[in-house]
Amino acid sequence: IIISSDTTIIDQDAFRGCSSLSKITFPENIESIGKTCFYECNPKVEIYGKIIPKNAFLECSTLQEIIISSDTTIIDQDAFRGCSSLTKVTIPDSVTIIKNNAFQECSKLPEIVIPSSITSIGDSAFLSCSSLKQITIPSSVNNLGQNVFRGCSSLTKVTIPNSVTIIKNNAFQECSNLPEIVIPSSITSIGDSAFLSCSSLKRIIIPPSVTSIGDDSFSNCKEISTDFKYTGSLQTYRIPVKGVYQIKAVGASGSGGNVYNTSYRSVGGKGAQIIGKFTLDKGDIIDIVVGGRGRMPNANNKDGASGGGGGGTFIFKRIKSITDNRYQFTKNQIHYETLLVAAGGSGAEDTAYVGHDSTGYDGEASNFKSPNNFTEYSTANCDPNSCSEGQILGITQFIKYDAKGCCYTRNNGYSYGGYGCGGSADDDCSYGGGWCRGSNEYQTTSWSLDVKAVGTNGANDGDGYAFIHIC
């Protein structure tokens, strides 16, 4: 059927029961289409015209497949709303706008490919598409409407591009099978109830670009947690919802020392683990230094270098002002409070040079420092290209050298301290990064602002890591 260009209104039930109708051409000037106009028509329909009009196939519950022609640019409001049997949609790359409620309550639609021509997806466009499993939003899209994917209870994967700057109210509310979401650094605001009752949401990354988080944005998301692996640079996390969080910090291991032309055994100490609980407010910014393991390529001489100290893992919260300089400090005009520090393991001695097996000290956490067991943090710092022998690096190294480890070389043997303030040394054990000296010489200890934290010595052989989980 080709609808003439002078037609502006199509009445209710006008083509109802036209079971062989499979091709429809709409003119641009259609103002109104009555409810169930195409009800009980052919289950597969090809649609032509620059605009698919408002209410065009509203509640056509027998419609199963639609093919939209390449001359279409706009899918108007409520165009396919309530098409409860629709399972396949082909949208061409000529379409630029999907308007409000366009596919709302298409409850059997399992997938849809949004072409890179789309710039705007309107309010409630895919509301209650309860069979929709995954959606990739192309980088051409700069507007996502309110309620856009609300109630998409089968949705397991969403990709949000950097072209979007706001996640509006209720956008992903009740997406109850969505396990994770990565918020791009372009986002500045997350609206009210944006992820409300996403009950399977376990992992979310909120960048520091987000300056506003609306009411109930993550309410009833009781499994939220985020893990942080070693990257060699500072990582940042914004707290999505007020609550009590369990934070685990694990330091990195040190390395063995030089064993050139010997059979001696040389092993670095393991990193410590510490777990504490903290009450955090929505929007709090947490900065994380995840320690990297120490390294030591063998020298070409028995007089080489010691193993590199493992980096400590540091958990800092940004604060408005300094009230207790025992564990608060300022770096680059940002005030920090130290929540946790998990000590790195020490590097072993220059084993070939000292002439015996050598094992570095494990990072200590069983006797961690806290406001109730206080010792000042080490104020030592060292140029990353220098030897830090005999020094424990930590907070001050973070302030001055961004938590970089130190490096020492002799006879092509390199003692590399891991990121996270790992130390280096010539002959003796090198210290792991951390709070201050531990119970033994060449051992570094941990810190917790939570005096009831649980610490474990030598819990990790490898790079450090961290984990934040809402209780």
Side-chain angles (χ1 to χ4, degrees), residues 228 230-235 249-255 268-274 287-296 306-316 327 329 331 336 338-348 360-365 368-369 375-384 386-408 415-425 428-438 440-448 455 457-466:
F228 301 88
Y230 167 71
T231 63
S233 60
L234 188 68
Q235 301 176 62
V250 182
S253 59
S255 72
K270 296 178 181 179
Q273 171 183 288
I274 190 161
D287 285 333
I288 303 107
V289 171
V290 176
R293 71 178 71 190
R295 295 179 293 129
M296 209 308 295
S306 302
T313 292
F314 299 75
I315 312 293
F316 303 120
Y327 49 85
F329 62 93
K331 171 181 168 63
Y336 288 102
T338 311
L339 302 183
L340 291 176
V341 177
S346 75
Y361 287 92
D362 291 339
E364 181 182 61
F368 64 87
K369 302 304 178 182
T375 300
E376 292 182 356
Y377 62 76
S378 172
T379 58
N381 65 88
C382 180
D383 185 296
S386 301
C387 178
S388 64
E389 188 155 8
Q391 295 179 307
I392 294 174
L393 305 179
I395 301 295
T396 305
Q397 187 74 3
F398 171 66
I399 294 170
K400 190 168 183 179
Y401 292 110
D402 299 323
K404 293 177 182 177
C406 289
C407 176
Y408 172 78
S415 174
Y416 288 110
Y419 174 74
C421 312
S424 60
D428 296 328
C429 291
S430 58
Y431 283 100
W435 184 259
C436 65
R437 182 167 295 179
N440 298 292
E441 191 175 12
Y442 302 117
Q443 184 178 46
T444 307
T445 198
S446 304
W447 160 269
S448 174
N457 298 347
N460 179 49
D461 185 9
D463 290 326
Y465 56 93

Name all residues meeting the side chain to side chain donor-acceptor pair (under 3.5 Å) criterion together with [X]; count only those two or more places apart in sequence or in a different chain, and write none if there are none.
X      : result
Gln273 : none
Tyr442 : Asp428
Asn457 : Ser366
Ser253 : Asp461

- Item | Step-by-step side-chain contact (heavy atoms from CB on, under 4.5 Å) determination, Tyr327 to Trp447 | CA-CA 9 Å; Tyr327 49 85; Trp447 160 269; 3.5 Å; yes
- Message: If we check side-chain contact (heavy atoms from CB on, under 4.5 Å) with Ile315, which of these qualifies: Val289, Leu339, Val290, Thr338?
- Response: Leu339
- Task: Could you list the residues that satisfy salt bridge (Lys or Arg N to Asp or Glu O under 4.0 Å) with Asp287, not counting sequence neighbours?
- Result: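 Applying salt bridge (Lys or Arg N to Asp or Glu O under 4.0 Å) to Asp287 gives Arg318.
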- Message: List the residues meeting salt bridge (Lys or Arg N to Asp or Glu O under 4.0 Å) with Asp402, not counting sequence neighbours, and say none if there are none.
- Response: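 Here the qualifying residues are Lys331.
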Would you indicate whether the side-chain heavy atoms of [Y] and [X] approach each other to under 4.5 Å?
X      : Y      : value
Leu234 : Ile288 : no
Asp383 : Cys406 : no
Phe314 : Cys421 : yes

Please identify each residue that fulfils side chain to side chain contact (heavy atoms under 4.5 Å, CB included) with [X], with sequence neighbours left out.
X      : result
Arg437 : Ile392, Tyr431
Asn381 : Thr396, Gln397, Lys400, Tyr401
Ser448 : Ile274, Phe278, Leu340, Phe368, Asp450, Ala453
Lys404 : Pro384

Determine yes or no for a side-chain-to-main-chain donor-acceptor pair under 3.5 angstrom, with [X] supplying the side chain and [Y] the backbone.
X      : Y      : result
Thr313 : Gly291 : yes
Ser415 : Ser306 : yes
Ser378 : Trp435 : no
Asp463 : Gly292 : no
Ser255 : Gly347 : no

What pair of heavy atoms forms the shortest contact from [X] to [Y], and how long is it?
X      : Y      : value
Asn460 : Ala252 : ND2-CA, 4.1 Å
Gly438 : Glu364 : CA-OE1, 3.3 Å
Ala272 : Ser446 : CB-OG, 3.8 Å
Gly423 : Ser388 : CA-OG, 3.2 Å

- Message: Check Asp362 with Lys270, please: is the shortest side-chain N to carboxylate O separation under 4.0 Å?
- Response: no
- ring-ring contact (aromatic ring centres under 6.0 Å, His included) with Phe228: which residues, sequence neighbours excluded?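 Expected list: Tyr237.
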- Message: Restricting to ring-ring contact (aromatic ring centres under 6.0 Å, His included), what partner residues turn up for Tyr336, sequence neighbours left out?
- Response: Phe316, Phe329, Phe398
- Got a second to check how far Arg295's CZ is from Ser424's OG, nearest 0.5 Å?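 Nearest 0.5 Å value for the CZ-OG distance: 12.0 Å.
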